[in-house]
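Note that these values count all heavy atoms, side chains included, but never hydrogens, waters or copies made by symmetry. These numbers come from a predicted model, not from an experiment.
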Amino acid sequence: MAEYGLDVHCAMLLEDYRDQLPTYSLLQQVVMKELHALVKQAGIELNAIESRIKTEASLAGKLALKGSKYQTIKDVTDILGARIITFYNEDVDRIASMVEALFLVDWDNSIDKRKMHQYDSFGYNSLHYICKLPKSRYFDESHPELNDIAFEIQMRTALQHVWSAIQHDIGYKTNIEIPTEYHRNLSRLAGLLELADNEFSRIRTDISDYRRRMESLVQKGELEEVLLDGDTFHSYIALQPFEKLNRQIAAITQAELQNVPPTAYLKLLRLMGMNTLADVERMIKENSDDAYQLALFQLGSTDIDILSSNIGLQNLCIVHILKAGGGKAGIRWMFDIVNGVTPNNEVMAEIIMEQAEKLAFIQKK
């Protein structure tokens, strides 16, 4: 083939490639559908999952270099290639185990470049599997050839992928002689990225361990050691710590409680000086009676039949603020934090302050 300078054998292989392009395109669709379903089922967050069919020019270049090793076009195992890019090292292994269960892996031609341990190999630390579709997974009577075509799946982390792309962009792995100084600098950067890859995995593991430990402490009721944050607050809310007070308040008018996430109150609680879940627990114990009395003044003469599930927490915070001397300004501040700043917050603060002034703990001050 004159335009590529190929010999007769390689030119025939390239012609076969052209004839088989529709088949490779169909195989690509099937493989990507299976991979997407696999990842979705596993619930793994990925940086990317992509595929490509080798271009004619790229294949011609490969055949020009080593076409004699291929007897037929099916011997070229990377014409269809898929790449799965994870955020963490350990997810590469998770994906790999699922790919092994999904496809037939040609172990003789697959390679784990992560085990090469070359000093400059970070950007090439991919796991490469040569696979085929098993008939037990997918078979189309009109296209039985799909089960006979090999394809490649690469699995690597995002940092490995970026590093590989940068190396390719600057021509690091070309035949051009590169001064030792540049080799050394690139190797140093590769080491830093490899360290970062490992540290991201370690930090994720540490955070997961922390979350499990905090959740266990919450379940056991050992709240003094549990810092108040998004995760621990979520675990605490699952125990329904405000449910008793909510039911008492709802019973005033036989109202229905409408579930509303208490997320906005996390920031308020922390600004109020609650550092641990034990602090929140103490607020509940110390203020529940007064929070209920406030609700009586709020609802006693109404026929409200729907209340937010945050009514108990809201009244607990109001009582806490008033006991700390926050007054009407403190109540408005609370509503500004929870609801966002609006003129209506001043009106609500005024009404609540009028109701609260009748409470015993206010009159005693």
Heavy atoms only: give me the nearest Tyr70-His9 pair and the separation to one decimal.
O-NE2, 2.7 Å
Locate the shortest heavy-atom distance separating Leu104 from Pro134; write the atom from each residue and the value.
CG-CB, 3.8 Å
Could you tell me if the ring centre of Tyr24 sits under 6.0 Å from that of Phe151?
no
Tell me the closest heavy-atom pair linking Ala250 and Leu257, and the distance in Å.
CB-CG, 4.0 Å
Take atom CD in Glu199; do more than 12 heavy atoms of anything else shown fall under 6.0 Å from it?
yes
May I have the step-by-step check of salt bridge (Lys or Arg N to Asp or Glu O under 4.0 Å) for Arg282 and Glu224, ending in yes or no?
CA-CA 10 Å; Arg282 277 190 287 271; Glu224 289 288 353; 2.6 Å; yes
CD (Gln355) and CG (Asn315) are apart, to the nearest 0.5 Å, by 9.0 Å
Distance under 6.0 Å and angle within 45° of the ring axis: does Arg204 meet both against Tyr88?
yes
Separation between CD (Glu225) and OG1 (Thr276), nearest 0.5 Å, reads 10.0 Å
Asp290 to Leu359 - nearest heavy-atom pair and separation:
O-CD1, 4.2 Å
Minimal heavy-atom distance between Met32 and Ala82, with the atoms involved, is SD-CB, 4.4 Å
For the residue pair Tyr129 / Gln154, report whether a side-chain donor-acceptor contact shorter than 3.5 Å exists.
no
Roughly how far, to the nearest 0.5 Å, is CG of Leu245 from CD1 of Ile311?
8.5 Å
Heavy-atom distance under 4.5 Å between the side chains of Ile252 and Leu296, does that happen here?
yes
Under the side chain to side chain donor-acceptor pair (under 3.5 Å) criterion, do Ser201 and Asn198 qualify, and how do the steps go?
CA-CA 5 Å; Ser201 291; Asn198 293 334; 5.9 Å; no
Which residue in the set Gln219, Met214, Glu215 passes side chain to side chain contact (heavy atoms under 4.5 Å, CB included) when paired with Leu217?
Met214
Say whether, by atom type as modelled, one donor and one acceptor occur between the side chain of Asp75 and the main chain of Gln71 under 3.5 angstrom.
yes
So, do Glu286 and His320 sit near enough that their side-chain heavy atoms are less than 4.5 Å apart?
no
Is it true that a side-chain atom of Asp279 and a backbone atom of Leu228 form a donor plus acceptor pair closer than 3.5 Å?
no
Taking atom types as modelled, find out whether Thr157 and Asp197 have a side-chain donor-acceptor pair closer than 3.5 angstrom.
yes
Residue pair Phe233 / Leu269, side-chain heavy-atom distance below 4.5 Å
yes
Does either side chain, that of Ser51 or that of Gln28, offer a donor lying less than 3.5 Å from an acceptor on the other one?
yes
Spatial distance of atom CD (Glu152) from atom OG (Ser110) [nearest 0.5 Å]
8.5 Å
Approximate separation, where rounding is to 0.5 Å, of Leu21 CG and Leu80 CG:
11.0 Å
What do you reckon, is CD of Glu243 surrounded by more than 12 foreign heavy atoms closer than 6.0 Å?
yes
Angle between ring planes, Tyr236 versus Phe242, binned at 30° and 60°: parallel, tilted or perpendicular?
perpendicular
Can you find a pair of side-chain heavy atoms, one from Arg94 and one from Thr86, that are under 4.5 Å apart?
no
Judged by atom type as modelled, is there a donor-acceptor pair below 3.5 Å linking the side chain of Ser235 to the main-chain atoms of Asp231?
yes
Between the side chains of His36 and Glu34, is a donor N or O closer than 3.5 angstrom to an acceptor N or O?
no
Are side-chain heavy atoms of Glu56 and Leu14 found at a separation under 4.5 Å?
yes
Are Val31 and Phe139 linked, directly or through other ILVMFWY residues, by side chains that come within less than 4.5 angstrom of each other?
no
Side-chain touch Ile49/Ile85, heavy atoms, less than 4.5 angstrom:
no
Between the CE atom in Met155 and the CG atom in Asp112, the distance rounded to the nearest 0.5 Å is 8.5 Å
Could you check whether any side-chain N or O of Ser58 sits under 3.5 Å from a backbone N or O of Thr55, counting only pairs where one atom can act as donor and the other as acceptor?
no
Quick check against the 3.5 Å criterion: does Gln254 have a side-chain atom that pairs as donor or acceptor with the backbone of Ala251?
yes
Any donor-acceptor pair under 3.5 Å linking the side chain of Ser164 with the backbone of Gln160?
no
Do the side chain of Asp7 and the main chain of Cys10 share a donor and acceptor less than 3.5 angstrom apart?
yes
Step by step, would you call Asn147 with Lys132 a side chain to side chain donor-acceptor pair (under 3.5 Å)?
CA-CA 6 Å; Asn147 299 99; Lys132 286 185 179 179; over 6 Å; no
If you count every heavy atom of other residues, nucleotides or ligands that lies below 6.0 Å from Arg247 atom CZ, does the total exceed 12?
no
Side-chain contact test, heavy atoms from C-beta onward, threshold under 4.5 Å: evaluate it for Met283 versus Met272 and give yes or no.
yes
Step by step, would you call Tyr210 with Asp229 a side chain to side chain donor-acceptor pair (under 3.5 Å)?
CA-CA 12 Å; Tyr210 166 78; Asp229 59 35; 3.1 Å; yes
Determine whether the side chains of Thr342 and Asn344 contain a donor N or O and an acceptor N or O closer than 3.5 Å.
no
Would you say that more than 12 heavy atoms from the other residues, nucleotides or ligands in this model lie under 6.0 Å from the CG of Asp140, or not?
yes
Ignoring hydrogens and geometry, is there a side-chain-to-backbone donor-acceptor pair from Thr232 to Leu227 under 3.5 Å?
yes
Would you check if Leu307 and Leu299 make a side-chain contact, meaning some heavy-atom pair closer than 4.5 Å?
yes
